[in-house]
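The block underneath contains the structure these notes are about, expressed in structure tokens.
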Amino acid sequence: MRKTLYFVILVSFIFTSAASAITIHVPADYISIQDAVNGSVDGDTVLVAPGLYNEHIRFFGRAIVLKSEAGAEATIIEKVYEQWSLIYVYDGETQTTIIDGFTLRNASSGAIKCVGSSPTIQNCIIENCTIFPPEFDYFGGGITIRDSNGWARIKNNIIRFNDATHSYGIIGGGILINDSYAIIDSNIIYGNIANYGGAIDCHGGSVIIKHNMIYDNQAEITGGAIMIRDISNSAIINNTITDNNSLETSGGIIIYESIDLEIKNNIIANNNLNSIRAEYSHEIHFGYNCVFGHEDSLFYGFLPEVGNITDDPRFWDIPNDDYALHRYSPCINAGDPTSPHDNDGSIADMGAITFDPTDHLLNFSLLAPVDDSICANPPEFVWHSSADTDSGYPVFYRLYISGDPEFVSPDSSVELTDTVYSYPDSLIRSLDYSWHVKAYSYHHDSVFSDETWNFYLDGIPSMPIVEAPENGELVDSTTQLFWEVSIDPDPMDSLTYSAQIDDDPNFDSPEIDVSGISDIGLILDGVATVRLGDMPGFENLQDDQTYFWRVRGDDRYGLHSDFTDGSNFFHVSDRFPGSYGYLPGDVNMASGAWPPSVIGSDVTYLVNYFRGFPNCPPCPVDNLWQSADANGDCNILGSDVTKLVNYFRGTSNIQYCPYHSTAWPTSENLPAEQPSGWPNCEE
């Protein structure tokens, strides 16, 4: 009977308490959060709508739930006053006082101060908070638990970029536990800084630190990740503690004057100085941990127990802070066999993120650029989609690209929801690249593409350099255009050339616009040349007209150099080959072809012509000797014949009538009148 009565009274109490609890809405019921807290009683929920709230909050002993309606990213509390915390829990509150789902930022006296209390703090983002003197006596930058009356619980929070370095006594950049009991569970703690304990400082009491990601924190003195002092009967289990730094000792964990501490199933990797250091401490049970990549000793001041490994833990993606275990990680199933098994039933993994061998994401493959292709420009990357077969949640992608096939230091894209990505034009040309894509989901499951493919990014040829003809030179169909060849940086590539000729220096509508010049030109000893008359469109050029010309190098994959600047020009001669049926000097009148054939009778004719046709003394008198004598010795040598032949082929750029002043290189030796006996010349 007594038992039955007790049960009835207990059930009645439970239903009465539940019935009396209400939900108070902010700002619908109360404008401010503090007013809503003041209007609540034990068991109530204060539900806060999204928004920015500038205020400071105190619970005054109430056992209530202070919860955001839409989560931490949408519900922000910022300071009003300097040297005030955002939330005070000072009045004996227990775990039934819950702070759930807020961003607490930019406080100048810590985000949450708990003294003589032990609340639950969960699902919050605590960032960019600091603490300044005069409050330097054991307060942390993010969360402080002091003199607790029970086990405080800090769970599933992101604690980042908080600062506790402004005085010697300030400790615990992210979390400070002082003479208290606390469970620090499944938090992500990074980017914090303090004099002692960059992420966590525990000074007196007992703590359980488990399943936390602790990375990129710093201590100005010691304990880059965790500082333990005067602690007993505590545990550090299944945490990933990596890439933390200290300026003096132990970038990982420092233990001082403590006793009975169990440290197991952790990954402690890539922290500077000592990985873990103990001083004046006893009963440090250190087993089944992965300790890797430290500058000084891995262990200092204690003897490790069984099950520890010193291999690279093989995280998925360190540059992007993805510390999930690669499927080939030595930390999988390497934890203490007596620990609770992972969700898949296997032996516990080391670290905060357990590896799930079940393929939650569908495999997928790459599409473009295809393997071993050569790309003229940074390519558009395309791959098949994956899918989350368990939950149906969205799948995200990240593209990785590297000049190293081992992807030691890859570049990566931002988080993508599409399966197409155009890489910024920042890749080095003339280089082989490897690329693959990782798919991942909200569950932190991830899978890489089935393939890793390669492509070569083509290099751009250098601009050629124009050599001839000189600016303003008279040209005809026999004239050769010369330029120094382009240099292509790719050894497997070949070059051709494009040239344009236009009477407009802007080259808006070139008379000659030709590519593939290697097929019609000649490249020899680093110089390319093409005969003007061999270029398609030559017939479009007009006599007695100035033309501009330019040239560029083209590779076979579609890249080309810049054109030369287009300032080079020449003048087309008004004595075009073939304009006359008979040219003086062509004795056998081979007028059907150009250039005329030159035979012995032609040479005799030309020599006599320049010596004063038909009779001339052996050497000219009265300064009448003309340009046929190339070397000026009054003898007809090979150089004289060459000059005469070139004269009639048009390449000497002088007219065939010797008396015209425009026909001669110089005019000072010309007579005032035409000498008697010279042939008449048409204008």
Side-chain angles (χ1 to χ4, degrees), residues 12-115 117-129 142-145 152-162 185-188 391 393-394 442:
S12 176
F13 173 77
I14 292 172
F15 277 98
T16 301
S17 299
S20 63
I22 64 170
T23 298
I24 301 171
H25 295 272
V26 178
D29 298 323
Y30 290 90
I31 295 298
S32 73
I33 298 172
Q34 185 63 63
D35 287 344
V37 170
N38 293 342
S40 69
V41 298
D42 289 352
D44 286 350
T45 296
V46 175
L47 190 62
V48 182
L52 173 62
Y53 298 86
N54 293 102
E55 54 182 299
H56 304 273
I57 300 160
R58 184 167 177 173
F59 285 86
F60 295 104
R62 291 175 176 83
I64 63 172
V65 177
L66 175 61
K67 181 179 176 63
S68 68
E69 187 178 282
E73 292 188 355
T75 317
I76 302 165
I77 302 175
E78 285 193 348
K79 68 182 179 182
V80 177
Y81 305 112
E82 296 293 336
Q83 298 185 11
W84 282 39
S85 295
L86 296 175
I87 297 178
Y88 292 90
V89 191
Y90 268 38
D91 302 286
E93 293 88 348
T94 67
Q95 285 188 4
T96 57
T97 297
I98 300 172
I99 303 166
D100 186 351
F102 295 90
T103 292
L104 307 174
R105 70 187 186 194
N106 299 333
S108 58
S109 188
I112 302 176
K113 284 184 180 177
C114 306
V115 178
S117 58
S118 53
T120 297
I121 303 167
Q122 62 189 24
N123 305 318
C124 291
I125 298 172
I126 299 171
E127 62 185 7
N128 298 318
C129 296
I143 298 172
T144 297
I145 308 290
R153 190 172 185 86
I154 302 171
K155 183 176 182 179
N156 290 335
N157 302 284
I158 297 173
I159 303 171
R160 62 191 179 192
F161 309 129
N162 301 290
D185 181 7
S186 303
N187 301 280
I188 300 173
S391 66
Y393 281 135
Y442 283 128

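Residues Ile99 and Phe59 have side chains in contact (heavy-atom distance under 4.5 Å, counting atoms from C-beta outward). Tyr53 is listed as a side-chain neighbour of Val26, based on a closest heavy-atom distance under 4.5 Å. Counting heavy atoms from C-beta on, the side chains of His56 and Val80 come closer than 4.5 Å. Put simply, the side chain of Lys113 does not reach to within 4.5 Å of the side chain of Trp84, judged on heavy atoms. In this structure, the side chains of Asn38 and Arg62 come closer than 4.5 Å at one or more pairs of heavy atoms. The closest side-chain heavy-atom distance from Val48 to Phe102 is below 4.5 Å. A heavy-atom distance below 4.5 Å is found between the side chains of Asp185 and Arg153.
The pair Asp91-Arg58 counts as a salt bridge, with a side-chain nitrogen and a carboxylate oxygen less than 4.0 angstrom apart.
Between Gln83 and Ser109 the shortest heavy-atom distance is C-CB, 3.3 Å. Contact between Asp42 and Ala63 at its shortest, heavy atoms only, is OD1-N, 2.9 Å. Between Ser117 and Ile145, the shortest heavy-atom contact is O-CG2, 4.2 Å. When all heavy atoms are compared, the tightest approach of Pro50 to Glu69 is CD-OE2, 4.0 Å. In terms of heavy atoms, Val46 sits closest to Ser40 at CG2-CB, 4.3 Å. Nearest heavy-atom pair, Ala21 versus Gly43, reported as atom, atom and distance to 0.1 Å: CB-O, 3.3 Å.
With hydrogens and angles ignored, the 3.5 Å screen pairs a side-chain donor or acceptor of Asn157 with a backbone N or O of Cys124. Checking side-chain atoms of Asp44 against main-chain N and O of Ile64 turns up no donor-acceptor pair under 3.5 Å. With Ser85 contributing its side chain and Tyr88 its backbone, the two residues share no donor-acceptor pair below 3.5 Å. Under the 3.5 Å distance criterion, the side-chain polar atoms of Glu55 are matched with a main-chain donor or acceptor of Gln34. Formation of a donor-acceptor pair under 3.5 Å by the Asp35 side chain with backbone atoms of Ile33 is not found in this model. Using modelled atom types, no side-chain atom of Asn128 and backbone atom of Arg105 make a donor-acceptor pair closer than 3.5 Å.
Between the OG1 atom of Thr103 and the CD atom of Glu127 there is a distance of 6.0 Å, given to the nearest 0.5 Å. The CD1 atom of Ile121 lies 8.0 Å from the CD1 atom of Ile159; values are rounded to the nearest 0.5 Å. To the nearest 0.5 Å, the span separating CG on Leu86 from CD1 on Ile57 amounts to 7.5 Å. Atoms CG and SG, from Asn162 and Cys129 in turn, are 5.0 Å apart once rounded to the nearest 0.5 Å. In this structure, the separation between CD1 on Ile76 and CG on Asn54 is 10.0 Å, given to the nearest 0.5 Å. Atoms CZ and CD1, from Arg160 and Ile125 in turn, are 5.0 Å apart once rounded to the nearest 0.5 Å.
Atom OH of Tyr81 has 12 or fewer heavy atoms from other residues, nucleotides or ligands within 6.0 Å.
Partners of Asp100 under the salt bridge (charged side-chain N to carboxylate O under 4.0 Å, His left out) rule, at least two apart in sequence or in another chain, are Lys67.
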